[in-house]
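The block underneath contains the structure these notes are about, expressed in structure tokens.
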2 protein chains.
Amino acid sequence: MTERPATPSSQDNPLVRKLSAFVRLSPNDVEVVAGMFRRRRNFAMGVELIHQGQVGQSAFVLASGWACSYKLLSGGTRQIVDFQVPGDFLGLRSVLFRTSDHNVEAVTTIQASEVTQRDLLAAFTETPRLATAVLWAASRDEAMVVEHLVNLGRRSASERMAHFLLELGARLRLVGMGNSTGFACPLSQYLLADALGLSAVHVNRVLRELREDGLVTFRRGRVEFRNYDALVDFASFDRAYLDHDGPLLS
Amino acid sequence: MTERPATPSSQDNPLVRKLSAFVRLSPNDVEVVAGMFRRRRNFAMGVELIHQGQVGQSAFVLASGWACSYKLLSGGTRQIVDFQVPGDFLGLRSVLFRTSDHNVEAVTTIQASEVTQRDLLAAFTETPRLATAVLWAASRDEAMVVEHLVNLGRRSASERMAHFLLELGARLRLVGMGNSTGFACPLSQYLLADALGLSAVHVNRVLRELREDGLVTFRRGRVEFRNYDALVDFASFDRAYLDHDGPLLS
DNA sequence: CGAGAATTTGATTTCCATCAACGCCTGTGG
DNA sequence: CCACAGGCGTTGATGGAAATCAAATTCTCG
């Protein structure tokens, strides 16, 4: 996926960059964050990092690759709640609560840094501003989940797909992994189906429809926006909703 | 709705009680929280407390009555994201971000305490543990939104309804506003429709189906569980997912 | 008592899931 | 080098769930 130096400096650190968007972190804060980010581990594609129902789980910060969080239903189906890209937390709720309420799985091979419950809570008491920053990051995640919920509740299959691809594109642009032309996307149609609450067959049909209408194409792991403005219009996508620019707390 | 003394003491305070479930608050912490909770305002049924797209909004803490948060779509439809009951935050994200990404409306007449952005961020810097506690509360809200999302994505209309009523019942029981028999519920079928991503007509049919199957009834503002176990089974409701008992941080 | 809102029921249509089959591509072992 | 197995993508046919349209009934409250 992305190329990063093996030894991360505090400058070049997805989490530091992300949190700095909200609070101005002191050098000491940055040090604490970077410390949490140090011990990286590799996980193969398909590995489960967090298990629903398990107690005392750690969280992770994703350094490279894609992951997804999902819930399993009794019928054997699953609902993907969100995809995570570099800089995102994996399983933050599973350390704030005693037992995890969702699963997290590696979509590609990934690099992630483990953060134990003890370390995180300790960091919060020693570095108060950090808790506020993480609250902000968690709220940003919640905003995305809310948008996803609206998508499932009130949009047709093709609008859902269009909106989803636009949102993903916007998120990836923020971390330098895409532009208004398109982005590399390792998701299968089965994953898209589980995220959008559709059947895989219908995902295929919807993608064809969007392609034939000249809006987006999704082929061999790449999303290409063919007519960005028309797509935004079709999906009634709010361009602004991810722009939370500039530290609120300085 | 609930009967509470006009002058709230720090003992009897929905927010203090809620946050205490996660962190052991010092007397000083309690004082700060209670301070935020002091200036109560009344709002009539149907009033909008938070406006999507507006800048520099305050948040509120709900003292009595019901509210709902929702998003408007271009087609004129709306999706209700969640309902709020006493002790819940209203529009927390709208103070952490510059501009609010959702609306909040009073479902009944309500009492709520305003919390300005400045006061909240100041409280976080002065009272570090409070930020962690609020992070926990926000994560709990997110868990509910996630459950709602799964509901919309992967369950049939009647399962959705069953699950929704069970979840609402569980939440209300936590604040002493219901039991396993049922609860008072001021929601119209239109509100249910907007929350569950259904048409109001279909909500009515689904309620009839559940009633005729002897599972739940919903009549004249009251939900009655007729066969709780069967309903839990039908909705594949996870009884445990709201039980986040005991302070994690003491 | 009357008016407007909320609920209820019926008829029809649309969207999407499901079932089934086939083609394509990749990797693997004979 | 070829055969072939398995995953993924593609397309068609059919049925079911829920939206929509339309109208009647009940509830609420001034």
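As the structure is a computational prediction, the values presented were derived from the model and not from experiment. Chain letters run A, B, ... following the sequence lines, proteins first, then strands; residues in each count from 1.
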Could you go through A/Met161 and A/Leu210, starting from their C-alpha distance and side-chain angles, then the distance that decides it, and tell me whether this counts as side chain to side chain contact (heavy atoms under 4.5 Å, CB included)? CA-CA 9 Å; A/Met161 179 64 76; A/Leu210 292 176; 3.7 Å; yes
What nucleic acid atoms does [X] come within less than 4.0 Å of, heavy atoms only: base, sugar-phosphate, or nothing?
X	answer
B/Arg219	sugar-phosphate
B/Ser188	sugar-phosphate
B/Leu198	sugar-phosphate
B/Arg160	nothing
B/Gly221	nothing

In Å, rounded to the nearest 0.5 Å, how long is the span from CE of B/Met144 to CG of B/Asn151?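 Reported value, rounded in 0.5 Å steps: 13.5 Å.
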Classify the ring geometry between B/His148 and B/Phe164 as parallel (under 30°), tilted (30 to 60°) or perpendicular (over 60°).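 Because their plane-to-plane angle lies in the 30° to 60° range, the rings of B/His148 and B/Phe164 count as tilted.
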Assess the side chains of B/Ser139 and B/Glu142: does a donor N or O sit below 3.5 Å from an acceptor N or O?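 Result is no, nothing qualifies.
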Any chance the side chains of B/Ser58 and B/Glu114 put a donor and an acceptor closer than 3.5 Å?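 Yes - a donor-acceptor pair under 3.5 Å links their side chains.
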Could you check which of D/dA18, D/dT10, D/dC21 has an atom nearest any side-chain atom of B/Ala157?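 Given the options D/dA18, D/dT10, D/dC21, the side chain of B/Ala157 is closest to D/dA18.
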When you measure from the side chain of A/Ser236 to the backbone of A/Asp233, do you find a donor-acceptor pair of N or O atoms at a distance under 3.5 Å?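 No.
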First-last contacting nucleotides on DNA chain C - partner chain A, under 4.0 angstrom, heavy atom: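 Here the contact window of chain A covers C/dC16 to C/dC19.
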Given the structure, check if the side chain of A/Arg205 and the base of D/dG12 hold any donor-acceptor pair shorter than 3.5 Å.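 Indeed, a donor on one side and an acceptor on the other fall under 3.5 Å apart.
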